[in-house]
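One is the number of the first residue; the rest follow in order along the sequence.
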Amino acid sequence: MRYYFLLLISAVAFSQQLQSVDFKTMNASLEINPIKRNVVGEVSYTFDVKQLIDTIRIDAQKMVFTNLKINGKEVKFKENKKQLLLFEGYKKGKNTLTFNYDAFPTQTMYFVNWDFTKSIDTPEEVNGQIWTQGQGKYTSHWLPSFDDVNEKVVFGLTIEFQKSFEVISNGELLKKESVGDNIKWSYQMTNPMSSYLVMLAIGHFKKQESRSSSGVPLVDYFEDTDSVLVEPTYRNSAKIFDFLEKEIGVPYPWKIYRQIPVHDFLYAGMENTTSTLFSRDFMVDKIGFSDRNFANVGAHELAHQWFGDLVTAQSGKDHWLQEGFATYYALLAERAVFGDDYFYEKLYTMSGQLMQAAKTDTIPILNEKASSLSFYQKGAWALHVLRESIGAEKFNKAVRNYLRKYAFQNVTTDDFLNEIKLVSDFDTVNFRMRWLEGTEIPIEEVQDLLLKNGFMQQYLSLQKQPLDLINDREKILNIMQSNVYYPIKELLVYQSVSLPFENKEWLLNAALITSELPVRQAVANSVSEIPESFRAPYETLLNDASYNTQEVALFKLWKQFADRREFYMEASKDWIGFQNQNLKILHLYLSFLTYSDTKKKMEVYLQLLQFTGTNFDSNVQQEALERLLQLEIHTEDVFRSLAYGTAHHRWQYVKFCKDSIRKLIEEPKNRALFIAIRSKLPIREKTHLQRLLDETKLGK
């Protein structure tokens, strides 16, 4: 209770500060040490005091401050491990604050793959990265700043780092200056933004540069090892940029736009002003492009440059103004790339997710505790309803007026709805009640909008009244041979799942003949038992340009046709798959089960074990560990890898490792092995493992 009381006091204090003090600019010179994992900085703030206030607060997590001056004079200050507190030396009007600080961030700034070994003596040989993820209010862990999004500042960062690395931050790169073995990179914004959007990325990046139709520099980054992935990954980026700038109707509000893939990112992407970070998982080759591509994530984060970065929601309850807009405009951008049918199929999928969630989700959009599904997908649907109700022309006008009026400011839902009212007589009160304050999904309204598309009419009709495989065979074949959008053909395949194979074999063959990857994948997924007569057609799926299809087909064929397992192992020996190496690791897993030779099994085990090393991304480590555990290989090396995973920064991987350990230590012999490993672990990993062991000891 005391904790929440203190949070309330802090929030009230900062609200009062916003009324009395306006921070204008911040310039910082930073040195980052990846071995110590710390930041040493020299900071200069300018701020206006509009009315006198007892204490001025700057958020700063566990930082040490020295040489603090206000208006050139040293003053007393306090710090409470969460904030820097100023209480003397400032005056009404303009002020300058300078100080030095030292920070050891335990979150928000991440040092990835940065471990020297005996064979690596110089920084340029390290395949390491450093990147930040502010995510709402966490930049104060590495940079003294403001957790409240309503305090917007013009930021400028100068970062000194080893010369072989590329250093990226917000805004324009003003200069690069050599300092011995290092380079100082100076970046500068020209307009204010919230602190959570400040970013930093350091790595061995290369880049390709182009310009938008309006002349904005577009810079796409990549690592040298990913050079063949550049074209598929960024294939639609320039087209999406041009579309969004034209559709939104307000010029891109910043001077440059960058996209940077990083290892072990916590989410899909993050819309840092001018410089989006995204997960390297979305770096794909031409085959991976058919399974997953960067278009939606790229469009979503780009849309945030207007909705979130240019105008920022005042509080969490208005968060949909950022995520709903970014989700909807990303769909509009994908519509321009992939077509109307794609757009409506995505809207349909989203509506299904929302209707399912509405059965248990009782929190409306206008609540800071609303689910991501509500903020993103329901927010997007709400905007689609608005756009279709008043027409694209009026909707676009309202959006333009909204962005121009509140540029570089903070907004509420009423601010946006007021702009809708100014261009139309649309009932925003009823809309707000149904879509933003209600928890149900207006099903009839959703269906009416979906039925505006011909493909959706046919799809929903077939879903409601499935065709009969006997009486409607000719009609089904005509559909399979037509150019109708592929989800209809998928639907026909999935509707046949429960039927005897002999009754549907002709349909499955027709689906394979379409050569449409998603339709063929539906065959791969829908067939549980593969008759010998269908083996050869099914084996063609192994050659599809889809890593998802290959994974499903390989496993099912291996499982069912024991006499052909060595053939399948030979066919898949050079497969790799996505960034998580799903096909390579599946091949090793099946090889271990296929071969009886002890020496060969040991070779396979060592290869799988290699992928659990900390030099691989966590998604690769997890993929390998999952397979090793499925094989019930409970060695000290496997357990050690799980223990190391408990201290990883990526929470999804941490959860997997901890859950796996909890299950394993239920067995006394496994528990004993973890106890034996414990003393050999670094302090963080040792602490996490001890907590897990204590849980079971105490019967929690």
Side-chain angles (χ1 to χ4, degrees), residues 296 300 317-332 334-335 338-392 394-395 398 413 416-417 420-421 424-467 484-492 494-495 497 522:
N296 182 265
H300 182 100
K317 75 173 187 177
D318 295 305
H319 190 52
W320 83 282
L321 291 174
Q322 293 169 195
E323 299 303 348
F325 269 91
T327 302
Y328 187 53
Y329 274 91
L331 281 179
L332 291 175
E334 287 186 289
R335 183 185 202 172
F338 302 119
D340 272 4
D341 292 345
Y342 177 96
F343 173 76
Y344 276 95
E345 195 269 336
K346 291 298 181 184
L347 282 175
Y348 168 74
T349 299
M350 285 166 43
S351 69
Q353 294 170 337
L354 291 169
M355 289 175 192
Q356 183 64 31
K359 295 176 182 178
T360 55
D361 189 349
T362 59
I363 303 177
I365 286 181
L366 292 183
N367 187 311
E368 61 184 11
K369 295 182 179 180
S371 67
S372 294
L373 193 65
S374 292
F375 285 137
Y376 289 66
Q377 280 83 353
K378 191 174 183 182
W381 251 106
L383 291 171
H384 185 60
V385 168
L386 266 177
R387 191 173 187 268
E388 292 295 304
S389 297
I390 68 176
K394 289 182 178 179
F395 179 82
T413 296
F416 172 63
L417 293 182
I420 295 292
K421 288 192 287 187
S424 71
D425 58 0
F426 183 72
D427 188 350
T428 57
V429 174
N430 183 261
F431 167 81
R432 182 189 182 109
M433 180 181 67
R434 287 181 300 111
W435 280 95
L436 307 181
E437 295 175 345
T439 58
E440 298 294 324
I441 304 298
I443 296 175
E444 291 185 6
E445 192 169 6
V446 166
Q447 288 184 336
D448 287 344
L449 290 175
L450 289 174
L451 289 171
K452 295 179 73 171
N453 172 259
F455 148 69
M456 283 308 310
Q457 292 173 18
Q458 187 177 3
Y459 186 89
L460 293 174
S461 175
L462 284 172
Q463 194 176 65
K464 188 176 182 180
Q465 294 182 311
L467 295 175
V484 69
Y485 194 43
Y486 75 83
I488 288 178
K489 301 175 185 180
E490 280 183 322
L491 179 62
L492 293 173
Y494 285 123
Q495 285 179 334
V497 167

Checklist outcome for this item: Shortest non-hydrogen pair, Tyr459 vs Leu491, comes out as O-CD2, 3.8 Å

Next on the checklist: One pair to check against side-chain contact (heavy atoms from CB on, under 4.5 Å): Leu460 and Gln447. What are the steps and the verdict?
Outcome noted: CA-CA 9 Å; Leu460 293 174; Gln447 288 184 336; 5.5 Å; no

Checklist outcome for this item: One should read off an interatomic distance between Ile420 CD1 and Asp427 CG, to the nearest 0.5 angstrom, of 12.5 Å

Checklist outcome for this item: Correct closest heavy-atom pair for Leu321 and Phe325 would be O-CD1, 3.1 Å

Item to check | Backbone N/O of Gln377 and side chain of Gln353: donor-acceptor pair under 3.5 Å | outcome: no

Checklist outcome for this item: Of all heavy-atom pairs linking Ala382 and Trp320, the shortest is CB-CZ3, 4.4 Å

Checklist outcome for this item: One should read off an interatomic distance between Ser389 OG and Leu449 CG, to the nearest 0.5 angstrom, of 7.0 Å

Checklist entry - Rounded to the nearest 0.5 Å, how far apart are CG of Leu450 and OH of Tyr344? => result 8.0 Å

Item to check | Minimum-distance pair of heavy atoms, taken over all atoms of Lys378 and Glu440 | outcome: NZ-O, 3.5 Å

Distance-only criterion, 3.5 Å: show the donor-acceptor pairs between side-chain atoms of residues 364-372 and protein atoms not counting sequence neighbours.
residue	atom	partner	partner atom	Å
Asn367	OD1	Lys369	N	2.8
Ser371	OG	Asp361	OD2	3.2
Ser371	OG	Ser374	N	3.1
Ser371	OG	Ser374	OG	3.2

Item to check | Heavy-atom side-chain proximity of Arg387 to Leu332 below 4.5 angstrom | outcome: yes

Checklist entry - If you count the non-hydrogen atoms of other residues, nucleotides and ligands that lie under 6.0 Å from CG in Asn430, is the total more than 12? => result yes

Next on the checklist: Whether the side chain of Ser461 engages the backbone of Gln458 through a donor-acceptor N/O pair (distance < 3.5 Å, no angle test) should be reported.
Outcome noted: no

Checklist entry - Between Tyr485 and Phe455, what is the ring plane arrangement, given parallel below 30°, perpendicular above 60°, and tilted in between? => result perpendicular

Checklist outcome for this item: Tightest non-hydrogen contact, residues Ser424 and Lys394, listed as CB-CD, 4.2 Å

Next on the checklist: Under the salt bridge (charged side-chain N to carboxylate O under 4.0 Å, His left out) definition, can you give me all pairs with a residue in residues 338-348, not counting sequence neighbours?
Outcome noted: Arg335-Asp340

Item to check | Worked check of side-chain contact (heavy atoms from CB on, under 4.5 Å) between Asn453 and Phe343 | outcome: CA-CA 10 Å; Asn453 172 259; Phe343 173 76; over 6 Å; no

Item to check | Euclidean distance, Lys421 NZ relative to Thr428 OG1, rounded to 0.5 Å | outcome: 4.5 Å

Next on the checklist: Within this structure, what is the CE-CG distance for the pair Met456 and Leu451, rounded to the nearest 0.5 Å?
Outcome noted: 7.5 Å

Item to check | Plane angle bin for Phe395 and Tyr329 - parallel if under 30°, tilted between 30 and 60°, otherwise perpendicular | outcome: parallel

Next on the checklist: Rounded to the nearest 0.5 Å, what separates atom CD in Gln322 from atom OH in Tyr376?
Outcome noted: 9.5 Å

Next on the checklist: I'd like to check the side-chain hydrogen bond (donor to acceptor under 3.5 Å, both in side chains) partners of His384; sequence neighbours left out, ordered by chain and number.
Outcome noted: Tyr328

Item to check | Shortest non-hydrogen separation from Phe426 to Ile390 and the atoms involved | outcome: CB-CG2, 3.5 Å

